[in-house]
Amino acid sequence: MEAPQSPTTTAAEGKLCEDFAVPSYVEEVKRRMAEFAERHGAAGRRVVLITSGGTKVPLESRTVRFLDNFSSGRRGASSAEYFLDSGYAVIFLHRHRSLYPYTRLYSGINLLDALRSEPEGGRVVVDESALPRITPVLKRYQAVREAGLLLPVEFSTLSEYLHLLKAAAQALSSIGPKAMFYLAAAVSDFYIPASEMPEHKIQSSNGPLQISMKMVPKMLSPLVKNWAPQAFVISFKLETDPSILLERARRALETYKHQVVVANVLDTRRGYVVVVTRDDQHELVLTDEEEQKQVEIEEKIVSNLSASHGQFMGQQR
Ligand code: PMT
């Protein structure tokens, strides 16, 4: 049965209810996110919801094949660490098996190459030279865990992402302007509605495949208007053609009326972004020296945005 819609329901929200089944576990996750937000909000802490990684769009109901994208989740995972360092509590809404805060630093390392079995006592020890900076990183990770500052939530498919984002937005609405949305996920723009999807594996014996896909509803619209209207909202804009980037970022701000767009180009995204607001645009760049010292652009993005979030909160009082 379709969910009842209020008179202010946006077209995107209507489409979400019609075409994407709500996963059974969403209510429970929403309860946990609401409890997390209320606990940290009551302690005077700001809470950021970070979306991270790409989405998977199935081509068959009993899915053998799906459409995916390039996002590794590095932007989201490293930003989570800098937000935690800046005093935020973090809900990390991420794609299953994409990069994760702290463990991302060791994602290219075979764990078995970093462990040694001691001949006596049967103990296993860590070879610290194989895991750079493991002691401070482990200490920081454990401190974050013990303080309950990081709530991880996983998604795989587009449908899961959309419903979990809605649940998160509603869960954070109780803390008003203390909530920040940092939408770094690369969400598919296209999908096949369940009613039009073949049930079984598409047969290659039927010849070349032609598929027709519908446009995915943009969640920014109901998020800003209905689900979390008091929050500080940042979307990202990725392009491959730098000449259209800023125009697209400005158009997104005009359409959705949120606070910030972080604009980036695929090939240069690790060292250069532009933070675009209604009356300003600010370039953040890593110098050669910073790159050598392994400074990350996310440190600059988070510092810039947490300052703007502070000003935004001041204006809401
Ligand atoms: O993960 P990495 O490899 O580190 O890469 C990081 C990144 C390049 C993925 C990230 O920096 C980035 O740019 N993410 C946004 C990609 C993009 O262009 O999204 P979009 O134009 O499809 O969507 C615009 C915004 O609306 C995004 O913030 C998106 O999260 C959000 N969105 C998109 C679709 C949708 N249905 N609902 C949404 O809310």
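For ligands, and for the atoms within them, numbers begin at 1 and follow the listed sequence. As the structure is a prediction and not an experimental result, all values here were calculated from the model. For this chain, numbers begin at 1 and follow the sequence in order.
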All side-chain hydrogen bond (donor to acceptor under 3.5 Å, both in side chains) counterparts of Lys139, not counting sequence neighbours: none
Those residues that, when tested against Tyr82, pass side-chain hydrogen bond (donor to acceptor under 3.5 Å, both in side chains) (two or more places apart): Glu296
Tyr25 versus Glu160, side-chain donor and acceptor atoms under 3.5 Å: yes
Those protein residues which place at least one heavy atom below 4.0 Å from ligand 1: Phe70, Ser71, Ser72, Gly73, Arg74, Arg75, Leu183, Ala184, Ala185, Ala186, Val187, Asp189, Val216, Pro217, Lys218, Met219, Leu220, Ser235, Phe236, Lys237, Leu238, Asn264, Arg269, Arg270
Residue from His40, His309, Lys178 passing side chain to side chain donor-acceptor pair (under 3.5 Å) with Tyr88: His309
Flag, side chain of Glu283 to backbone of Tyr272, donor-acceptor distance under 3.5 Å: no
Pairs satisfying side chain to side chain donor-acceptor pair (under 3.5 Å), at least one member in residues 179-194, at least two apart: Asp19-Tyr191, Ser79-Tyr182, Asp189-Lys218
